[in-house]
Amino acid sequence: MQRSYSRLLGVVGKPNTGKSTFFSAATLVAAEIANYPFTTIKPNRGVGYVRTPCVHEEFKVQDNPRNSLCLNGIRLVPAEIIDIAGIVPGAWEGRGLGNQFLDEIRRADALIHVVDASGGTDCEGKSCKPGEHDPIEDVQFLEKEINMWMLTILKKDWSKISRTAETDKKGLIHHLEDRLAGLSIKRQCVAEAVRRANLNLDRPVSWTDDDFYRFIDNLRRIAKPMLIVANKIDLPTAKANIERLRKLDYVVIPCSAEAELGLRRAAEKQLIDYKPGDGTFKITQPEKLSAGQINGLEAIKEKILSTNGSTGVQEAINTAYLKLLDMITVYPVEDLEHLTDHNGRILTDAYLIPRGTTARLFAYIIHSELGESFLYAINARDKRRIGEDAILKDRDVISIVSAQKRA
Ligand SMILES: Nc1nc2c(ncn2[C@@H]2O[C@H](COP(=O)(O)OP(=O)(O)OP(=O)(O)O)[C@@H](O)[C@H]2O)c(=O)[nH]1
Ligand SMILES: [Mg+2]
């Protein structure tokens, strides 16, 4: 069995902010998009990409990617994304679609909070005059919804848990971990949240409501790190709101999901030359586009790409995976001389793995047999041997030598 290393990004927010548009633009999965709340009911799941500079140019080889794509020196490494139904105030108590979709957050390792930065959607997700709604409220409300939902899970049977924890030897962290295991929250996150909240581990029965909330708020920030996608920057009322959103304690990424979706679809049909995350594009088949389509594309170039640098969708995914989740890319090869796999294909795979992964753990990630029979690894850059505990670095090209074979 392979070791699990993949991470899942959850796209969250109130209804009608552009979550499914963002998701579709990132994955090209056709998700339903409409200008009313609760368009999405069942979560959409798809594969987006993390964009990183490929190593093939540095090694002066032509690559044949298999698990990823390489477009003009840019390696696009697959990364899973889930588009979750809209969350409204009171969802934790069952309002709107209830807490069934808050449950989807269980599986996510990091969250992309899509906010309508133009202020054109009210707190229930209904369209209103742009500028009328304050998106800062959306950030505060979502924090509260997730906190209250987690708190409800934690508080279930709390009196029993806290009494047992005071008497048995396992300690409170163990019991908290047990209670929160269903939320994909790990022990070290629980321990860190207890430390940050400055709680008395010996007397859990004495925890006040304030103590609980402080603990949960810290735990959410650690275990479900979040960034804000300030969407709909193509609307003029977004600009001032983005400056205000930046004052909050989150990374804020200005974005036009709609523009990205248009560009990705045009690129898919080979009408334009555009890679996700590019700051510009070239129209390659003008004869196949109407005057209106050309104007639309030019408007995206002028109003979004040239002022914002990009549409923001790719930047959000990269920031979530590389900063919030602190992941790196590593390329396994079998033949160090030619950087090939066992089929003679060059730099076929790029893996997105957590920073801190050791050479041996990486072997396990590729295949458990390779992990079990691991002897040592070799770094293709300097041809040095590295041991099982050596920590891999971003863009390392690694050959693993095992008692059975190389990979
Ligand atoms: N102006 C503008 N509109 C956008 C943008 N992104 C999405 N929209 C529009 O916002 C509306 C809602 O988009 P969806 O993607 O369905 O929103 P959602 O957040 O998934 O909505 P629910 O599934 O109902 O929660 C649609 O009319 C989109 O076309 C954007 O970047 N700019
Ligand atoms: Mg949706």
Just how far is it from atom [atom1] of [X] to atom [atom2] of [Y], taken to the nearest 0.5 Å?
X      : Y      : atom1 : atom2 : value
His175 : Lys160 : NE2   : NZ    : 10.5 Å
Arg45  : Leu8   : CZ    : CG    : 5.0 Å
Arg187 : Glu177 : CZ    : CD    : 5.0 Å
Ser399 : Asp341 : OG    : CG    : 11.5 Å
Gln140 : Ile136 : CD    : CD1   : 7.0 Å
Arg395 : Thr52  : CZ    : OG1   : 6.5 Å

With a 6.0 Å cut-off (strictly less than), is the heavy-atom count around [atom1] of [X], excluding the residue itself, greater than 12?
X      : atom1 : result
Lys383 : NZ    : yes
Lys323 : NZ    : no
Glu58  : CD    : yes
Glu243 : CD    : yes
Lys144 : NZ    : no
Arg246 : CZ    : yes
Asp249 : CG    : no
Asn343 : CG    : yes

Between the side chains of [Y] and [X], is the shortest nitrogen-to-carboxylate-oxygen separation below 4.0 Å, so that they form an ion pair?
X      : Y      : answer
Arg195 : Glu192 : yes
Asp83  : Lys19  : no
Asp217 : Arg214 : no
Arg107 : Glu104 : yes

Would you check if the side chain of [X] reaches a backbone N or O of [Y] as a donor-acceptor pair within less than 3.5 Å?
X      : Y      : result
Asp234 : Ala259 : no
Thr17  : Val114 : yes
Ser118 : Leu235 : no
Asn64  : Thr348 : no
Asn308 : Pro254 : yes
Glu334 : Thr340 : no
Arg51  : Pro276 : yes
Trp149 : Ile105 : no
Arg385 : Tyr376 : no

request  = Go through Arg345 and Asp63 one step at a time and tell me if the side-chain contact (heavy atoms from CB on, under 4.5 Å) criterion holds.
outcome  = CA-CA 7 Å; Arg345 291 168 59 118; Asp63 55 0; over 6 Å; no
Does any donor atom in the side chain of [X] or [Y] lie under 3.5 Å from an acceptor atom in the other side chain?
X      : Y      : result
Asp389 : Thr358 : no
Asp335 : His338 : yes
Asp396 : Tyr331 : no
Arg220 : Asn147 : yes
Glu260 : Tyr274 : yes

Of [options], which meets side chain to side chain contact (heavy atoms under 4.5 Å, CB included) against [X]?
X      : options                        : answer
Leu263 : Asp278, Leu271, Ile300         : Ile300
Tyr49  : Leu71, Leu76, Ile74            : Leu76
Tyr351 : Ile328, Thr357, Ile366, Thr329 : Ile366

message = Ring of Phe281, cation from Lys301 - is the NZ or CZ under 6.0 Å from the centre and inside 45° of the axis?
response =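 Yes, Lys301 lies over the aromatic ring of Phe281.
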key: Lys/Arg cation over aromatic Phe141: Lys14, 6.0 Å, 45° cone   =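 Judged by the rule (NZ or CZ under 6.0 Å from the ring centre, within 45° of its axis), Lys14 is not positioned above Phe141.
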request  = Decide yes or no on salt bridge (charged side-chain N to carboxylate O under 4.0 Å, His left out) for Arg221 and Glu143, but give the supporting numbers first.
outcome  = CA-CA 9 Å; Arg221 286 171 192 270; Glu143 287 177 340; 3.4 Å; yes
Show the nearest heavy-atom pair for residues [X] and [Y], with the distance to one decimal.
X      : Y      : result
Ser20  : Asn44  : OG-ND2, 4.2 Å
Val397 : Arg381 : N-NH1, 4.4 Å
Ser162 : Val205 : OG-CG1, 3.3 Å
Ser24  : Val29  : OG-O, 3.0 Å
Ala108 : Lys224 : O-NZ, 2.7 Å
Glu315 : Thr319 : O-OG1, 2.6 Å

Test side-chain hydrogen bond (donor to acceptor under 3.5 Å, both in side chains) applied to Asp138 and His113, step by step = CA-CA 9 Å; Asp138 298 341; His113 181 187; over 6 Å; no
Intermediate values then yes/no, salt bridge (charged side-chain N to carboxylate O under 4.0 Å, His left out), Asp209 and Lys155 = CA-CA 10 Å; Asp209 282 351; Lys155 277 195 156 176; 3.1 Å; yes
request  = Assess whether side-chain contact (heavy atoms from CB on, under 4.5 Å) is satisfied between Ile185 and Leu176, documenting all intermediate values.
outcome  = CA-CA 10 Å; Ile185 294 178; Leu176 286 171; over 6 Å; no
inquiry  = Testing Thr121, Asn231, Thr237 one by one against Asp116 for a side chain to side chain donor-acceptor pair (under 3.5 Å), which residue passes?
reply    =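 The single option meeting the side chain to side chain donor-acceptor pair (under 3.5 Å) with Asp116 is Thr121.
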inquiry  = Does Asp109 form a side-chain contact (heavy atoms from CB on, under 4.5 Å) with Leu9? I'd like the steps, not just the answer.
reply    = CA-CA 6 Å; Asp109 298 291; Leu9 261 193; over 6 Å; no
key: Working for side-chain contact (heavy atoms from CB on, under 4.5 Å), residues Leu375 and Glu388   = CA-CA 8 Å; Leu375 295 174; Glu388 60 177 353; over 6 Å; no
key: Full working for salt bridge (charged side-chain N to carboxylate O under 4.0 Å, His left out) between Arg244 and Asp134   = CA-CA 10 Å; Arg244 295 170 58 243; Asp134 183 357; 2.8 Å; yes
